[in-house]
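Single-structure report; data block below.
Throughout, numbering of the chain's residues begins at 1 and tracks the sequence. What's counted below: heavy atoms across the whole structure, side chains too, no hydrogens, waters or symmetry copies.
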Amino acid sequence: MFDVSMALCHVLAMFSAYRDIWRGCAFGHWTDGAAEDAALNHAFQALQDVLDRCAEQDMRTEDTMAVLDALEGTGRAKGWCSQFRRALDCDTPHGRWQNVNAALNGLRRQFGR
């Protein structure tokens with residue numbers, strides 16, 4: 001299982017108001033692009049974990065929503081985060097998985113993943 005809380009830490013730090021301070025402390029030796037790429041990798045690993053578990057568990061957690069909020073904050077998500085949230089509300093496990101999968105694929109395309 002992927003550590004969603006670690007991904008959340010990285011993602012929120014990268015896309016928050018404190019990103020420049022955090023980047024200087026944690027990734028001082030990396031370029032800005034590499035640090036952002038690492039944060040996006042963590043975010044997509046966390047969302048993949050949500051997809052893997054959403055048929056069996058309620059994944060409408062604070063961590064999941066925070067990762068989606070962080071991705072939305074980049075301005076590149078184009079409504080896919082909202083679709084992901086709505087997909088988690090689907091009543092049937094199979095339907096939920098299908099809808100979350102579609103939203104995750106849309107996010108991946110949007111971010112070039």
Spatial distance of atom [atom1] ([X]) from atom [atom2] ([Y]) [nearest 0.5 Å]:
X	Y	atom1	atom2	value
Arg108	Leu47	CZ	CG	8.5 Å
Glu72	Phe84	CD	CZ	12.0 Å
Leu88	Leu68	CG	CG	7.5 Å

Could you tell me which non-hydrogen atom of [X] sits nearest to which non-hydrogen atom of [Y], and how far apart they are?
X	Y	answer
Pro93	Ala55	CB-O, 3.4 Å
Cys54	Arg96	O-NE, 2.7 Å
Val67	Ala46	CG2-CB, 4.4 Å
Thr74	Phe111	OG1-CZ, 3.4 Å

Residue pair [X] / [Y], side-chain heavy-atom distance below 4.5 Å:
X	Y	answer
Thr92	Gln98	no
Arg76	Leu40	yes
Leu104	Val50	no
Trp80	Leu71	no

Using a strict threshold of under 4.0 Å (side-chain N to carboxylate O), is an ion pair present between Asp69 and Arg85? yes
Should Asp89 and Asn99 be marked as a side-chain contact (heavy atoms from CB on, under 4.5 Å) after you check the CA-CA gap, both sets of side-chain angles, and the distance that decides it? CA-CA 10 Å; Asp89 290 333; Asn99 291 323; over 6 Å; no
Answer yes or no: is there a donor N or O on one side and an acceptor on the other, between the side chain of Arg53 and the main chain of Met59, under 3.5 Å?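 The answer is no, because no donor-acceptor pair under 3.5 Å joins these two groups.
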Side chains of Gln48 and Asp52: do they bring a donor and an acceptor to under 3.5 Å? yes
